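Heads up, the thing below is written out as structure tokens.
It should be emphasised that the depicted structure is a prediction, and the values quoted were computed from it without experimental measurement. We name chains A, B, ... by the order of the sequence lines, and we start the count at 1 in each one. Quick note: numbers below take in every heavy atom, side chains included, and nothing from hydrogens, waters or symmetry partners.
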There are 2 protein chains.
Amino acid sequence: MSLPHAILTALLEKPSSGLELTRRFDKSIGYFWSATHQQIYRELGRLETSGLIRALPAQGPSRGSKKEYEVLAAGREELAAWVARPEDPRPIRDPLLLRVRAAGVVGREGLAQELRRHLDLHRRQLAQYEAIEARDFPEGGDPLQHLVLRGGIDLETFWVAWLERALRDFDAGTGTDADADTGSS
Amino acid sequence: MSLPHAILTALLEKPSSGLELTRRFDKSIGYFWSATHQQIYRELGRLETSGLIRALPAQGPSRGSKKEYEVLAAGREELAAWVARPEDPRPIRDPLLLRVRAAGVVGREGLAQELRRHLDLHRRQLAQYEAIEARDFPEGGDPLQHLVLRGGIDLETFWVAWLERALRDFDAGTGTDADADTGSS
DNA sequence: GGACACATGTAAGAGGTTACATGATTCG
DNA sequence: CGAATCATGTAACCTCTTACATGTGTCC
């Protein structure tokens, strides 16, 4: 139940149309809550029906013409209540860790290459976050937004470190070569 | 598409019934891929239909009586192929980071308490993982399984550090007191 | 008017969550 | 036999993903 709250947050930061929201979910907000345009349009409809947001006047046909939304008082209240509402962290569900475990059973053939690919992706993401930090928080800025960005940076840092360690272990474990053998049954 | 592969991995490690699998998904395997018994039974049915696993003989009625499954050659091959199959990491979708961002817009009332609660949960989880490490990997053990466990440990370590930092920032930012437990009406 | 970007929307299906339903076994 | 536990299964619902569909405005 986080998508509606992500949208409320985004709309409070700046009233927007569906497409503008989609763009923002590809950038800053999307760094910790991703969503596609189909999800966003559906959820905008629901939020409007629930009376948490409203479309600004100047409507044309439903398809094709731009529709701007803004948050109503009820929406702001709902969001404030949600911020404090207890909600346990979800159990981890990570395909990469699972694949490493599976490799322990069926062999690590091809896995090292995939780990290298992920390492590269996470390094890029980390560099991007750090560039954003240097640009937007040179000396302060909104402390809460900075905190969130630090979360992203720390998370990517974890992945980079873990993947480097994994590849080191692989090299050590198989002599000189990463994922050569697996010498099946 | 990871659940079937999680089940194949679990069944290769040890042929099991649905309930036994459910138990194992509440422990070791569940530490990086959680699943409920309904998901597991549904997926076992699909995997059997697909010819990747089979139920061992000695069947009774479909409800109530135990059914053991084992992985067939096709299942092992599918799992080995999946280990090497490229699959990009999913974008982050974390409700807690989102709530901190929302707090920047509607106020941080009640948030510190929730962060403290999460900090406690993550500390417990970390302690549990470290106990498992001390018990199962005193000096080695399966390097891949150890690597996965290290992933869990490092991830929890990240959360603990980030939450501690967040709470420190909160205390600094609001004078002496975070949000004074919001003492309700 | 054709191409293209802008903008919103529909549909089908997979995966996950929650609640409930049903049969078998064991133990007092 | 009643209760608890083991064990499998159904159903409803919600979210997310993927692919497709439709309309508008602009520029050549």
Side-chain angles (χ1 to χ4, degrees), chain A residues 1-8 10-11 15-26 29-30 32-50 53-56 58-69 82 87-95 98, chain B residues 1-8 10-11 15-26 29-30 32-50 53-56 58-69 82 87-95 98:
Chain A
M1 287 298 295
S2 294
L3 176 59
H5 301 101
I7 291 178
L8 288 172
L11 286 180
S16 305
S17 66
L19 190 60
E20 283 164 4
L21 278 178
T22 302
R23 298 254 158 77
R24 293 168 61 197
F25 271 83
D26 282 337
I29 301 181
F32 49 91
W33 198 275
S34 68
T36 63
H37 83 268
Q38 293 90 338
Q39 281 180 281
I40 289 168
Y41 284 117
R42 188 184 347 137
E43 199 61 47
L44 283 171
R46 286 180 193 163
L47 287 168
E48 191 178 18
T49 303
S50 313
I53 65 174
R54 68 162 185 164
L56 295 178
Q59 300 298 312
S62 98
R63 272 179 201 251
S65 59
K66 197 168 170 174
K67 226 195 269 186
E68 282 249 317
Y69 291 93
W82 177 73
E87 187 183 314
D88 285 351
R90 294 258 174 103
I92 302 174
R93 208 173 256 169
D94 188 276
L98 183 57
Chain B
M1 289 299 294
S2 294
L3 176 59
H5 301 101
I7 292 178
L8 288 173
L11 286 181
S16 305
S17 67
L19 191 59
E20 283 164 3
L21 278 178
T22 302
R23 297 255 157 77
R24 293 169 61 197
F25 272 83
D26 283 337
I29 300 182
F32 50 90
W33 198 274
S34 68
T36 63
H37 84 268
Q38 292 90 339
Q39 282 181 279
I40 289 168
Y41 284 118
R42 193 194 327 154
E43 199 60 47
L44 283 172
R46 287 178 192 164
L47 287 168
E48 192 178 17
T49 302
S50 313
I53 64 174
R54 67 162 186 165
L56 295 178
Q59 300 298 312
S62 99
R63 271 180 201 253
S65 58
K66 198 167 169 175
K67 226 196 267 186
E68 283 248 317
Y69 291 94
W82 178 74
E87 186 183 315
D88 284 351
R90 293 259 173 102
I92 301 175
R93 207 172 258 170
D94 188 276
L98 182 58

Problem - Phosphate contact (C:dT8 OP1 or OP2) by A:Tyr41 side-chain N/O below 4.0 Å - result: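 Yes, because at least one side-chain N or O of A:Tyr41 sits under 4.0 Å from OP1 or OP2 of C:dT8.
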Please give me the minimum heavy-atom distance between [X] and [Y], naming the atom from each residue.
X: B:Ala10; Y: B:Arg24; result: O-NH2, 2.9 Å
X: B:Trp33; Y: B:Leu3; result: NE1-CA, 4.0 Å
X: A:Pro4; Y: A:Glu43; result: CB-OE2, 3.6 Å

Distance in angstrom units between [X] [atom1] and [N] [atom2], rounded:
X: B:Leu44; N: D:dT10; atom1: CG; atom2: P; value: 13 Å
X: A:Leu19; N: D:dG25; atom1: CG; atom2: C1'; value: 14 Å
X: B:Glu68; N: C:dA24; atom1: CD; atom2: P; value: 19 Å
X: A:Arg23; N: C:dA7; atom1: CZ; atom2: P; value: 6 Å
X: B:His37; N: C:dT22; atom1: NE2; atom2: P; value: 14 Å
X: A:Phe25; N: C:dT8; atom1: CZ; atom2: C1'; value: 17 Å
X: A:Leu21; N: C:dT8; atom1: CG; atom2: C1'; value: 13 Å

With a 4.5 Å heavy-atom cut-off, do [X] and [Y] have their side chains touching?
X: B:Trp82; Y: B:Glu87; answer: yes
X: B:Leu11; Y: B:Ser16; answer: yes
X: A:Tyr41; Y: A:Thr36; answer: no

Handout entry: Flag, side chain of A:Glu48 to backbone of A:Gly45, donor-acceptor distance under 3.5 Å
Key =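 No; zero donor-acceptor contacts below 3.5 Å.
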Practice task
Verify salt bridge (Lys or Arg N to Asp or Glu O under 4.0 Å) between A:Arg23 and A:Glu20, making sure each step is shown before the conclusion.
Solution key: CA-CA 5 Å; A:Arg23 298 254 158 77; A:Glu20 283 164 4; over 6 Å; no
Can you give me the N/O atom pairs linking the protein to nucleotides 14-18 of chain D at distances under 3.5 Å, or say none if there are none?
residue: D:dT15; atom: OP2; partner: A:Arg46; partner atom: NH1; Å: 2.9
residue: D:dC16; atom: OP2; partner: A:Gln39; partner atom: NE2; Å: 2.9
residue: D:dC16; atom: O5'; partner: A:Gln39; partner atom: NE2; Å: 3.1
residue: D:dC16; atom: O3'; partner: B:Arg93; partner atom: NH1; Å: 3.2
residue: D:dT17; atom: OP2; partner: A:Gln39; partner atom: OE1; Å: 3.4
residue: D:dT17; atom: OP2; partner: B:Arg93; partner atom: NH2; Å: 3.0

Practice task
Return the angle between end axes of the helix from C:dG1-D:dC28 to C:dG28-D:dC1, with five pairs used per end and rounding to 10°.
Solution key: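 Rounded to the nearest 10 degrees, the bend comes out at 10°.
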Practice task
Kindly determine whether B:Leu44 and B:Leu21 satisfy side-chain contact (heavy atoms from CB on, under 4.5 Å), including the steps that lead there.
Solution key: CA-CA 10 Å; B:Leu44 283 172; B:Leu21 278 178; 3.9 Å; yes
Handout entry: Out of C:dC6, D:dT8, D:dA7, whichever nucleotide has its closest atom nearest the side chain of B:Lys67
Key =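 Comparing C:dC6, D:dT8, D:dA7 against the side chain of B:Lys67, the answer is D:dT8.
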Problem - Sugar-phosphate, base or nothing in reach of B:Thr22, heavy atoms under 4.0 Å - result: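 It contacts nothing in the nucleic acid.
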